[in-house]
Amino acid sequence: MKTAIYISISLVLSMFLFSACGNNASLQKYIVEKQNDNNFITIDLPSSLLLTEDNSLNKEQLQTVKSIKKVNMIALQLKDENKEIYEIEKQRVKSILSTDTYETLMKYGSNDMGASLLFTGNVEAIDEIIIFASDSDKGFGLFRVIGEDMNPSQIVKMMNKVNSQNFDLSFMNEIGGLLN
Amino acid sequence: MKKIIAITVIALVSQTLFSQGVFDKFEDQQDVTSMIVTKSMFKLMSKIDLSSNDPKAKEYLNMVENLENIKIFTTSNSGTAAEMKKTVDSYLKSSTSLSELMRVSDDGKNIKFYVKEGKNDNFVTELFMFLEDANSKDSKAVVMSITGNIDLRQISQLTADLNVPGSEQLKNIDKNKN
């Protein structure tokens, strides 16, 4: 009788513990850990570097840009020799993203491709946007926009202003170069 | 006492299983293409309100904001399609509140729509669709479930936007109802 109670209590407790452990394995930690890993391509870009000096953004738009702190990218290119690492790392990222911290917005999956869009914060003040995509031929990539109270409506409005005159987009070419 | 504990544990466990949804098992299966959109996405979409002066767009956004989630599973494999049919059958049996809305048979294609009654005639809490097409190469079976506070008068617009099969026929729902 008593043991039954103990068992159920410990069951419930372990549930809580599991979820707590999950939170500790944050994406931030993971990315920092992979920054020195040769299997990975990582890019870390503060948003302030992206703005050109003679941009034509108004005050509100500048505020929006400032709400975005930085852009993170991490990718693992699939080659013959790293198939095992690919599977392990993909599962690790997946399990981090499946914790309660990250809320899924959209998910797509097919035979050899998968993509998901997640975020943290709330819908009017987003802290982090994450895109995770994998392809069983090419590898996987994780793209992350970190900010503070990012307003989706403002960001979409600002998108019209994203051009080479306002932003230094040369990093795009670098990413393309790294992946090829 | 022991029984009570056992029941509580089972209840807890089964609840978490159920909340996963009966069709989620197809998500990671081979030969299945899945698409899931969550409540937060709809909330987010309704916040990005760019053409706020258009009353039609406003109505549409209003409906989008009230959606819970959309799940679409498509398979190109006839074995998986048969399994989907089985799951659909047991789902329809287990949930008595789902009633058939309409049925379309067209060129070997079989589409069935089911709804769960909402607050009034124009609203449903779930729109469920099952499509079978043995001749199709890419989509031998499609399962779609939309949950939330769904305005049937707006839903065909949404399914058309999502490129869901059968959305053409859904346009007539309104007329059928009145």
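The analysis underlying the following values was restricted to heavy atoms, covering all of them including side chains, and did not include hydrogens, waters or symmetry mates. Residue numbers begin at 1 in each chain, while the letters A, B, ... track the order of the sequences.
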Q: For B:Ser90 and B:Thr87, indicate whether the former's side chain and the latter's backbone hold a donor-acceptor pair under 3.5 Å.
A: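 Pair found, side chain donor or acceptor close to backbone of B:Thr87.
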Q: With sequence neighbours excluded, tell me which residues meet side chain to side chain contact (heavy atoms under 4.5 Å, CB included) with B:Asp89.
A: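 Listed in chain order: B:Lys85.
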Q: Which bit of B:Val32 comes within less than 4.5 Å of chain A, counting heavy atoms only: side chain, backbone, both or neither?
A: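 Backbone of B:Val32 only, per the 4.5 Å heavy-atom cut-off to chain A.
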Q: Enumerate the ring-ring contact (aromatic ring centres under 6.0 Å, His included) contacts for residues 69-100 of chain A, please, sequence neighbours excluded, ordered by first and then second residue.
A: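 Those involving residues 69-100 of chain A are A:Tyr86-A:Phe140.
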Q: Using heavy-atom distances under 4.5 Å, tell me whether A:Ile155 contacts chain B through its side chain, its backbone, both, or neither.
A: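 Neither part, no heavy atoms under 4.5 Å.
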Q: Per the ring-ring contact (aromatic ring centres under 6.0 Å, His included) rule, what does the pair list look like for residues 74-111 of chain B, sequence neighbours excluded?
A: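 Non-adjacent pairs meeting ring-ring contact (aromatic ring centres under 6.0 Å, His included): B:Phe23-B:Tyr91, B:Tyr91-B:Phe128.
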Q: If you measure from the Lys or Arg side-chain nitrogens to the Asp or Glu carboxylate oxygens, is any gap between B:Glu132 and B:Lys109 under 4.0 Å?
A: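 The answer is no: the pair does not qualify as a salt bridge.
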Q: What are the residues of residues 103-113 of chain A, in order of number, with any heavy atom under 4.5 angstrom from a heavy atom of chain B?
A: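 From residues 103-113 of chain A, the residues near chain B are A:Glu103, A:Thr104, A:Leu105, A:Met106, A:Lys107, A:Tyr108, A:Gly109, A:Ser110, A:Asn111.
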Q: In terms of side-chain geometry, is the basic nitrogen of A:Lys94 or A:Glu89 positioned less than 4.0 Å from the acidic oxygen of its partner?
A: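 Salt bridge between A:Lys94 and A:Glu89, a charged N being under 4.0 Å from a carboxylate O: no.
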Q: What part of B:Glu27 gets closer than 4.5 Å to chain A, counting heavy atoms only: side chain, backbone, both or neither?
A: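 Just its side chain gets close to chain A.
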Q: For the backbone of A:Ala125 and the side chain of A:Asn122, can you confirm whether one donor and one acceptor N or O come within less than 3.5 Å of each other?
A: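 Yes.
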